[in-house]
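Notes for the one structure printed next.
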Protein chains: 2
Amino acid sequence: MSVTSSPNDRTLTTRGKDRRDALMAFATTQFAEKGFHPTAVSEIVDGVGVGKGVFYWYFSSKDELLLNILRDALRDLRRNQNRAIRGADDPIQCLELGIRSTLTWSIEHPEVIRLVMFAWTEEQFAKDMRRGRRIVISDTARHISRAMDAGLIEQGDARVMATAVRGVSDELARQFAISGDLLDDSVIETAVRFCLRGVVGDSTRTPT
Amino acid sequence: MSVTSSPNDRTLTTRGKDRRDALMAFATTQFAEKGFHPTAVSEIVDGVGVGKGVFYWYFSSKDELLLNILRDALRDLRRNQNRAIRGADDPIQCLELGIRSTLTWSIEHPEVIRLVMFAWTEEQFAKDMRRGRRIVISDTARHISRAMDAGLIEQGDARVMATAVRGVSDELARQFAISGDLLDDSVIETAVRFCLRGVVGDSTRTPT
DNA sequence: AGTTTTCTTGACTGATCAGTCAAGACATCC
DNA sequence: GGATGTCTTGACTGATCAGTCAAGAAAACT
């Protein structure tokens, strides 16, 4: 066909996919370490050891690259959550497993947490972030709503509660990603208890 | 004395202070709207209607300007919190009043919330953010510790709990600042209840 | 009125950087 | 071996931008 295909809809060979992954992986660490704007495209290609043209063969722009990184991350996070919840039935348990898997994932991907923080601050990325948050809040709110319907917790605004829950996990993730504070199991336990208490409004369910 | 004084230790006249304030105010809105890097110094001075030299008379660099904005904001936030708590005795009440004043302040300064998010993503600003967070978490943790000592709530890690509380307020503030979601009184009520339940582990104290 | 200090101007510099492109290498299939 | 499509190179362009500076205006002070 024509030679004017865009980087988005190219058919990549195995070698091509590897290159693309390498560029994304290296860019992720650089963006997280130095920031998005202070990281030049030339640094990324130098780091991977390729010419500049390679970058624009796989990505139509530096912005596009960041958007791709963020979208992949969201997909991965949700896949993890769904895997963690699979099998559970009780909505409160689903909520707890979701919180745990979010925290675990966040601890394993501190660079992404930093990128997400940046992405919220510029409109061209914030659009995507809003979409992503809506999805993630809905996931959490669904469990809370189910718990309300089942009479397990008193009625209330499920979305606001879901936002609060996400706030706790995100804040702890940020503290870990950015302040370098330790985020061990006991902290996760405290956070999970805090959230469940906040939602359930009763400490009897939570184990010591 | 010498003419080589730096912008930091200059003695400003009333007119000078006004100019400085005008530059900071305009820069704050621009940074929040477009982002820090995409906003050029020339845009700031054009917006205020002055020459470029004026900027470097008052600030030694663009980075310095942002740091000044952030420091002023932290000072103002804490002053508000202290004013809100003044008079209260009960540690749980102090905690509640602190949460409320943080949320109120955040709603009134969405631009600053955006700037703070960005500041966390680049090391030259993150240093200051870490310091600021430590201060703010300590403020909250102090009330929680006092409540523990008084036997009002069970023992636990006060700092982690304080972090969780700040996570809830910050997340709601961000949601308001960034997603443009409504943040009315009922949402604030839900958030305050969520936090108090999370900390106290009991819903009997909280009003309906 | 003279002097010092505060403040202002805006053209200019040096550097950086996102993105382009013409040319060619490599792989694959016929 | 030729043809086609995939991938790579790196010098180059055009634009932007943080920060400088020599010159002077406006106050403030004496």
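The sequence lines fix the lettering, A, B, ..., with proteins before strands; numbering per chain opens at 1.
Side-chain atoms of A:H37 and A:E122 include a donor-acceptor pair closer than 3.5 Å. With hydrogens and angles left out, the side-chain atoms of B:T102 and B:Q81 include a donor and acceptor closer than 3.5 Å. For the residue pair A:R159 and A:S145, no side-chain donor N or O sits within less than 3.5 Å of a side-chain acceptor on the partner.
Distance from the side chain of B:V54 is smallest to C:dT9 among C:dG19, C:dT9, D:dT8. For A:R15, the listed nucleotide lying nearest its side chain is D:dT8; candidates were C:dG19, D:dT8, C:dC7. For A:V41, the side-chain atoms get nearest to C:dA18 when compared with the rest of C:dC7, C:dA18, D:dA18.
Figure legend: cation-pi geometry between B:R10 and B:W57, with NZ or CZ positioned under 6.0 Å from the six-membered ring centre and within 45° of its axis.
The CG atom of B:L23 sits 11 Å away from the P atom of C:dT9 (whole-angstrom rounding). Rounded to an integer number of Å, the gap from NE2 of B:H37 to C1' of D:dA15 is 18 Å. The distance from atom CZ of B:R10 to atom P of C:dT5 is 13 Å, rounded to the nearest whole Å. Between the CZ atom of A:F55 and the P atom of C:dA18 there is a distance of 8 Å, given to the nearest Å. Here D:dA11 presents its P atom at 17 Å from OH of A:Y56, a figure rounded to the nearest Å. Computed from coordinates, the B:F59 CZ to C:dT8 P distance equals 12 Å when rounded to whole Å. The distance from atom CG of B:L65 to atom P of D:dA18 is 11 Å, rounded to the nearest whole Å. Regarding A:D46, its CG atom lies at a distance of 13 Å from the C1' atom of D:dT9, rounded to whole Å.
On a pure distance criterion of 3.5 Å, a polar donor-acceptor pair joins the side chain of A:K52 and the base of C:dA18.
Within the 4.0 angstrom heavy-atom criterion, base atoms lie near A:G53. Here A:K62 lies in heavy-atom contact (under 4.0 Å) with sugar-phosphate atoms only. Using a 4.0 Å heavy-atom distance criterion, B:T39 is classed as a sugar-phosphate-only contact.
One finds no side-chain N or O of A:R19 lying less than 4.0 angstrom from the OP1 or OP2 phosphate oxygen of D:dT6. For D:dT16, neither phosphate oxygen OP1 nor OP2 lies less than 4.0 angstrom from any side-chain nitrogen or oxygen of B:S42. In terms of phosphate contacts, B:T13 brings no side-chain nitrogen or oxygen within less than 4.0 Å of OP1 or OP2 of D:dA28. A close approach under 4.0 Å does not occur between any side-chain nitrogen or oxygen of A:W57 and OP1 or OP2 of D:dT8. Between B:T11 and C:dT5, a side-chain N or O to OP1/OP2 separation shorter than 4.0 Å is absent. In this model, the phosphate group of D:dT6 is not approached by any side-chain N or O of A:Y58 to a distance below 4.0 Å at OP1 or OP2.
DNA chain D is contacted by both B:F36 and A:V50; A:V50 maps to the nucleotide lying nearer its 5′ end (nearest heavy atom per residue). Judged by closest nucleotide on DNA chain C, B:G49 is the one of B:G49 and A:E43 placed further toward the 5' end.
Partner of B:F118 under the side chain to side chain contact (heavy atoms under 4.5 Å, CB included) criterion, out of B:T121, B:L115, B:V116: B:T121 alone.
Separating the CD1 atom in B:I92 from the CG atom in B:L97 is a distance of 11.5 Å, to the nearest 0.5 Å.
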